[in-house]
Amino acid sequence: MKSNVITIIRKELRRFFFDPRLVISTLILPGLLIYLVYSFMGTGFTASFSTPDTYVYKVDTVNVPESIHGYFDGIYFVDQNEVDGYNAGKERLDAGESDALIVFPEGFDETVAKRDPEDIPNIDIYYNSSRVPSAEAYTNLVRILDSYEKSISNVFDINNTEKQYDLSTQKEVTSKVFSMILPMLIMVFLFSGCMSIAPESIAGEKERGTIATLLVTPVSRSEIAIGKILSVSFIALLSGISSAAGTILSLPKLVGLSGQVDASGYGIGDYVFMLLVILSTIMVIVSVMSIISAFARTVKEANTAVLPLMILSMLVSVTTMFGSSVPNDAVWYLIPLYNSVQCMSAVFGMSYSLVNVITTVSLNVSLSIVLLIVLAKMFNSERIMFSR
Amino acid sequence: MDEILELKNVSKTFRLSAKQRKIEHTDSKLRVAVSDLSFGVEKGEIFGLLGPNGAGKTTTLRMISTLIRPDSGDIIVGGSSAVSSPWDVRSKIGFLTSELKLEDFFTPNYIYDFFSSLHNVDEKVRDERKQFLFEKFGIDRFAEVRIANLSTGMKQKLSIAVSLVHDPEIIIFDEPTNGLDVITSRTVTDFLLELKSRGKTIVVSTHIFSLVEKLCDRVGILIDGVLVACGSIESVSDGMSLEDRFFDMYRKVMDKRQ
């Protein structure tokens, strides 16, 4: 039995690895494209939604009081320019000649000095949110004026020293980001990897009439099923690794956390558990897809039939992105696919429980074995294998 | 009589899908492909199964080769039942039909070795047998060319070679010369006669009368899933040409049906 399974696995792998088109499109392109696209998107977002660090905001003022004039002088990224009234300032703002216009009420300093709760002066800041420098200028001016307001009536400070107050480590930032985003992306990659090869391996052989040639040999149906599922799982795993590598390398750029996200904080144990969860998940996905493909008459039909399963799995996968905590109760880990997503999230979040990981892997492996038996029985069914 | 293959009251009915019923203009949900079929094939002979399209020839051969199971009856191949011991039967037969295709991606060399492995053929024996068959059919020159790039005739010859990787005692060929040019067709028929001279038992299905007359020791005529005649060509022909005798029987069956 063992040698027949190995013979079939070797044939399936040869079919894949000796076809440069399949290798490029399934193993190399996904990782490479994900890295390039995500990096490009991350860099593009950063460039589109922020100005360079050296940018100086052009701020027009009307009736700027002496006290604030001096305050602005000390801020290097603000170039203050007094204009002749609101209309002149608005014209310059509309023409893009300035980034913001601040209109102070007349006698601002005197009114502030009175400290009359019934007579609080209002500062108007005009800006254009469709222009990145103008939107940023507004945010910064609000911050600056807030800080000025505090400085003239300062009673106490909060976090106003050079100390580091955010005690989160790089490891914690990484685990938080990865546990929210990666499970969903990994499920997408695993499904994409499986979809490109599982229907081809079974429905494709049916469509081309080559499966019947295999069925008249003295090889048992279960050997054929095991050989196919193991080889497709292996290729899907490689495809998943390629996609995951591309994602992990480009994710810091995508989420704007370059320098703060680093996957090197995970230990060997974390990677081993992750690999076990991913492998067992692949086996479930491949088994289900193989059964669907066995029902289909053509690869196209199989791909169409597999789509609802993919959509369902995507819905399950996004649960980790809502920020809710991973369930601890082992019962949740008896739900196929959901268990894998939650386990991945927990492992990436470095908060996994060994019992839940074992439950997930055991359930996935058991389910795969049951599905494999079903597939072997389907290979025996002439209605399924020879349907036209 | 040393019968190596025996069909005992074999019947097979297919369920028709709505699409098939529409195509065949019938309201019946079932179609009897083969009804109460019984015949035997003697060791070392070439037995021809003759009949028009849809007569049940391919279904019969598919049941013998264990691709499908009969609804009732049994098929004994070299002492093993195709119903209860299909694995034993598969190792005793070589089966070739136009439905069985070889994967286009691979080379003849690889695909031959692959099927040899599945039949547990020893490597040394495999290489000797491959050399003989490849030389016989002129495949050796194309041994490392992808099957996708081979001609139809060469693909058919490779399929024959692959069906014989394990040197089976019983060889079952469904329409072996279908779609082949005259030269390839002749190569195949000559090879079948050579196999017979080496003591192999061969069952071929065809609707070509000349092929039956040239090759077969005995013939079974199948019309509408029923074996209407079986025996030596002389006894079945009953003083007429095989073709005339066939149409005579065919008319009688059709008249009876109407």
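Letters A, B, ... are given to chains in the order of the sequence lines, protein chains preceding strands, and every chain is numbered from 1.
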Atom group of A/I8 that falls short of 4.5 Å from chain B, counting heavy atoms: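 Answer is both: backbone and side chain atoms of A/I8 are under 4.5 Å from chain B.
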B/S11 and B/D71 side chains, donor-acceptor separation under 3.5 Å: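 No.
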Smallest separation among heavy atoms of A/V188 and A/M314, with atom names: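 Closest approach of A/V188 to A/M314, heavy atoms only: CG2-SD, 3.1 Å.
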Side-chain (A/T304) to main-chain (A/K300) donor-acceptor, under 3.5 angstrom: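 Such a contact is found between A/T304 side chain and A/K300 backbone.
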Electrostatic pair B/K196:B/E45 at N-O distance under 4.0 angstrom: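 Not counted as a salt bridge, because no side-chain N and carboxylate O are separated by less than 4.0 Å.
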Between B/F173 and B/F95, ring centroids under 6.0 Å: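 Not under 6.0 Å, so no.
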Let me know if [X] has heavy atoms under 4.5 Å from chain A in its side chain, its backbone, both or neither.
{"X": "B/R15", "result": "both"}
{"X": "B/N120", "result": "side chain"}
{"X": "B/F114", "result": "both"}

Top contributor to chain A contacts, counting heavy-atom pairs under 4.5 Å, from B/R90, B/R62, B/H119: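 Top option by heavy-atom pairs under 4.5 Å: B/R90.
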Top contributor to chain A interface from B/F115, B/F14, B/F106 [non-hydrogen pairs under 4.5 Å]: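 Among B/F115, B/F14, B/F106, the one with the most close pairs to chain A is B/F106.
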Largest heavy-atom contact set with chain B, pairs under 4.5 Å, which of A/V216, A/L215, A/I211: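 When all of A/V216, A/L215, A/I211 are compared, A/V216 has the most.
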Residue from A/S233, A/S340, A/S368 passing side-chain hydrogen bond (donor to acceptor under 3.5 Å, both in side chains) with A/T281: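 Only one of A/S233, A/S340, A/S368 forms a side-chain hydrogen bond (donor to acceptor under 3.5 Å, both in side chains) with A/T281, namely A/S340.
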